[in-house]
Amino acid sequence: MAGLFITFEGGDGSGKSTQLRMLVEWLEAQGKTVLVSREPGGTELGHELRELVLHRRGEMAPRTEALLYAADRAQNIATKVRPALERGEVVVQDRYLDSSVAYQGAGRVLGRDEVRELSLWATEGLLPDLTILLDLHEGLAKDRLAESRPLYDRLEAEAAEFHAKVREAYLELAAAEPSRFLVIDASDSVEAIAAAIRARVGQLLP
Ligand code: TYD
């Protein structure tokens with residue numbers, strides 16, 4: 001495919017959205033046409049799926065959750081991302097299939113391989129050209145969340161264990177596909193991180 005597909009991954013509070021915005025500004029300054037996207041919720045239908053999967057009250061079975069993320073992904077890739085890549089554009093996306101593998105796989109009910117297979121089925125096998133993993137060690141993630149959300153509470157503290165699992169999964173995914181991943185220490189300065197990302201993306205631009 002003619003375009004370039006770049007995804008951002010990382011735990012909550014890793015600075016993903018700031019870095020994504022800075023990269024998009026830089027790409028546009030280089031004269032590139034950029035499609036900015038996110039999962040879940042990158043399409044109109046996806047917006048409704050996002051509400052369901054993130055905000056609906058009541059129990060949701062692990063397979064239901066995995067399928068909702070996969071449904072959102074299928075719609076996003078088929079209707080937005082693939083057409084943009086075929087037009088030769090750069091797609092920069094907040095989260096993709098590695099989020100499913102790391103988060104849904106971390107619940108211990110579903111295996112990482114089956115979650116990945118489900119996503120690949122949903123997207124007809126589309127993998128990113130580059131995945132930027134903003135790796136945040138646990139203590140720092142907690143501090144940043146506490147700063148941005150005064151209501152940091154016991155529930156979120158309990159979630160810390162889950163986030164440690166998610167981080168571990170991300171690092172293993174990156175180690176398994178070193179040429180697709182750029183792993184960055186999210187505790188570096190915003191400018192240093194942005195520069196490292198630009199250097200890597202610059203190598204991929206035609
Ligand atoms: P979002 O508000 O986009 O958070 P963030 O700023 O952390 O990206 O919420 C996305 C949440 O959904 C996040 O906690 C990770 C989770 N998620 C999954 O569990 N599986 C997935 O496949 C995706 C795309 C996201």
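Order of listing sets the numbers, starting from 1, for every ligand and every atom in it. The structure presented is a predicted model; accordingly, all values stated were derived computationally and were not measured.
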Check: [X] N/O within less than 3.5 Å of ligand 1 N/O:
X      : value
Ser100 : yes
Lys16  : yes
Tyr69  : yes
Arg50  : yes

May I ask you to list the atoms of ligand 1 that are less than 4.0 angstrom from any heavy atom of [X]?
X      : result
Pro40  : 24 (C), 25 (C)
Leu54  : 9 (O), 11 (C), 12 (O)
Gln104 : 18 (C), 19 (O), 20 (N), 21 (C), 22 (O)

Quiz item: Transitively linked via ILVMFWY side-chain contacts under 4.5 Å: Val109 with Val115?
Solution: yes

Exercise. Consider only side-chain heavy atoms of I, L, V, M, F, W and Y, link residues closer than 4.5 Å, and tell whether Val91 and Val24 are in one cluster.
Key: no

Self-check item: Heavy-atom neighbours of Arg63 CZ exceed 12 at 6.0 Å
Solution: no

Self-check item: Residues Tyr69 and Arg95: side-chain donor-acceptor under 3.5 angstrom
Solution: no

Practice problem: Would you kindly say whether Asp98 and Thr7 are connected by a side-chain donor-acceptor distance under 3.5 Å? | Solution: no

Quiz item: How close does the nearest protein non-hydrogen atom get to atom 4 (O) of ligand 1, and which residue and atom is it?
Solution: Arg95 NE, 4.3 Å

Quiz prompt | Point-to-point distance, once rounded to the nearest 0.5 Å, from CG of Leu173 to CZ of Arg112 | solution = 6.0 Å

